[in-house]
Structure formats: structure tokens, C-alpha cells
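Heads up, the thing below is written out as C-alpha cells.
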Amino acid sequence: GNGYMDGKELQNFIQELQQARKKAGLDLTPEMKAFIDQYGKSTDGKIGIVELAQVLPTEENFLLFFRCQQLKSSEDFMQTWRKYDSDHSGFIDSEELKSFLKDLLQKANKQIEDSKLTEYTEIMLRMFDANNDGKLELTELARLLPVQENFLIKFQGVKMCAKEFNKAFEMYDQDGNGYIDENELDALLKDLCEKNKKELDITNLATYKKSIMALSDGGKLYRAELALILCAEEN
């Protein structure tokens, strides 16, 4: 559930893909062969659903539509999230998701009928709604990002319980104004990188900060927005 397949997970997937195609009397497509050549012998590769989608036939491969300009970086993704989670609820419901997909498809110059858009929305919910609550949280929808761009994966390993998070927020909100500005976030992230060197790379500090500040309101990062990144969902 970390947002990508690697190691044994990836090996098992490739084996099952080959067996399923053979059982169905089908050869591997050129895209599948290229995929297996790239990942079949590797045990240290990581692949997310967007990369994996490249092995699908074009007509079934609507996921690749989302490799448009708006999802080329974590910062762009966070700005998109900020736009569509308009009520700051921390999740996108089915109607918000439908608008999100429609906008992205239009930006990719893909015109589709409303019935098809509804179908895509339902597919997305089935694929990404891990807890089956009919809505998508930030980390669930972030699986649309390529693994190498998905900084949220790295933050999965440093999330805090609610009590720890609230204590940290109050510590770094040094002027007590109820939000964290860019300088305060910088200090928080530096300390996180120092404490979690296995998960976070301090050389990527500027990228982390830029992506997280994309959630801010005019440079003000409120508790609820920062919680999406640093507070464990079960708390």
C-alpha cells in the first residue's frame, strides 16, 4: 500500500501477466515485452500505476491522459488538489473528482462524452479508493503521479500521530498566528530531514517545500493542509 510495486511484488506481477496472457492464448504486446525487458530482471526498480499503465492497449489506457502538463510535478499536482478540494475537507468526492478528470482531459485535448467521463470517474474510485468510502484522499489520488515525482511516498514513512503533529505544528508556528509560513516550514522540514535521513533527502528540501507550499493559501499553510502531508490518517 505504499503507492508503487517493487522487488518481489513486481516480480510476481510480471509472472502473473505472462501466465495470464499465455492462458488466454495471447502473445505479449510490444509494450509488455519492453516493460518486462526493463523490469523483469531488476529487483530494485519501483513502478507506479501511471508507469504500469503504459503496457495497456491505447484504447484502454485512459490513465496516460493524466501525464499531461498539469501532472508533471508534485507541485502541479498539489495546486490541482488545492483547486478541486475547494471545501478544504481533505478529500475529493465523486462530483469533485468528475470535474477534476474533465479538466485534466480537456487540458490533454481529449474530448469525451459525459457518460464516458462518469465511467472514468467510477473506474478511478475503484482503483484508488483504498478504504471504499466513495471519496479520494490526497495520498490515494497522488498515485496518478509517476513514482519519481511522488514526494508524498517519501513522507508516508515520517507521518506522526495527531498528538505529535499538533505539538510540532505549535512548535514551528513560532509567532502563534495559526499558520506556518515558508520560513517556518523550512525549519520544520530541515529537522524532519535530519531525523529521517533514510526516507528524506535534505538535498531535495527545496522541492519538498515548494510542493507543500502549493497547498497554502497565499503563503499561509494552515494546520489542516499540513496535516494532509504529515499527520497519519488513522489519527
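Computed from a predicted structure; not experimentally measured.
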Within this structure, what is the [atom1]-[atom2] distance for the pair [X] and [Y], rounded to the nearest 0.5 Å?
| X | Y | atom1 | atom2 | answer |
| --- | --- | --- | --- | --- |
| Arg82 | Ser216 | CZ | OG | 7.0 Å |
| Gln18 | Ile36 | CD | CD1 | 4.0 Å |
| Leu97 | Phe128 | CG | CZ | 9.5 Å |
| Thr29 | Arg21 | OG1 | CZ | 6.0 Å |
| Leu200 | Leu205 | CG | CG | 9.5 Å |
| Glu16 | Gln11 | CD | CD | 13.5 Å |

Checking side-chain contact (heavy atoms from CB on, under 4.5 Å) between Phe155 and each of Asn196, Ile212, Leu228, which is the one that passes?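 The side-chain contact (heavy atoms from CB on, under 4.5 Å) with Phe155 is passed solely by Ile212 among Asn196, Ile212, Leu228.
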
Contact check, side chains of Asn177 and Lys220, non-hydrogen atoms, under 4.5 Å: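 No, too far: nothing below the 4.5 Å cut-off.
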
Any side-chain heavy atom of Gln19 within less than 4.5 Å of one from Gln15?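 Touching, per the 4.5 Å side-chain cut-off.
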
May I ask you to decide if Gln174's main-chain N or O and Glu184's side chain share a donor-acceptor pair within less than 3.5 Å?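 Yes; at least one donor-acceptor contact below 3.5 Å.
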
Test your reading of the model: is there a side-chain donor-acceptor pair from Asn166 to the backbone of Ala162, 3.5 Å cut-off?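 Yes, Asn166 side chain to Ala162 backbone: donor-acceptor pair under 3.5 Å.
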
Evaluate Phe169 against Leu188 for side chain to side chain contact (heavy atoms under 4.5 Å, CB included), listing each step before the verdict. CA-CA 9 Å; Phe169 186 90; Leu188 187 159; over 6 Å; no

Smallest separation among heavy atoms of [X] and [Y], with atom names:
| X | Y | answer |
| --- | --- | --- |
| Lys135 | Asp129 | O-OD1, 3.2 Å |
| Phe13 | Met5 | CG-CE, 3.8 Å |
| Phe165 | Met160 | CA-SD, 3.7 Å |
| Thr139 | Lys159 | CG2-NZ, 3.8 Å |
| Thr121 | Ser94 | CG2-O, 3.7 Å |
| Tyr172 | Ile180 | CB-CD1, 4.2 Å |

Take Phe100 and Leu141 through the side chain to side chain contact (heavy atoms under 4.5 Å, CB included) test and state the conclusion after the steps. CA-CA 11 Å; Phe100 174 86; Leu141 194 59; 3.9 Å; yes

Given the rule in the side chain to side chain contact (heavy atoms under 4.5 Å, CB included) test, do Cys193 and Tyr208 qualify, once you have shown the distances and angles that lead to the verdict? CA-CA 10 Å; Cys193 287; Tyr208 298 154; 4.1 Å; yes

Do the side chains of [X] and [Y] get close enough for a salt bridge, i.e. N-O under 4.0 angstrom?
| X | Y | result |
| --- | --- | --- |
| Glu119 | Lys116 | yes |
| Lys197 | Glu194 | yes |
| Lys98 | Asp93 | no |
| Asp186 | Lys190 | yes |

Going through the distances and angles, do Leu215 and Ile229 end up as a side chain to side chain contact (heavy atoms under 4.5 Å, CB included)? CA-CA 10 Å; Leu215 286 173; Ile229 310 297; 4.0 Å; yes

Over 12 non-hydrogen atoms of neighbours within 6.0 angstrom of NZ in Lys210: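 12 or below, so no.
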
Is a donor from one side chain sitting under 3.5 angstrom from an acceptor on the other, for Tyr179 and Asp217?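 There is no such pair (donor and acceptor under 3.5 Å, judged by atom type) between the side chains of Tyr179 and Asp217.
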
For residues Asp181 and Asn183, is any side-chain donor paired with an opposing acceptor at under 3.5 Å?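 Asn183 and Asp181 do not have a side-chain donor-acceptor pair below 3.5 Å.
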
Test side-chain contact (heavy atoms from CB on, under 4.5 Å) applied to Glu122 - qualifying residues, sequence neighbours left out: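 Expected list: Thr118, Arg126.
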
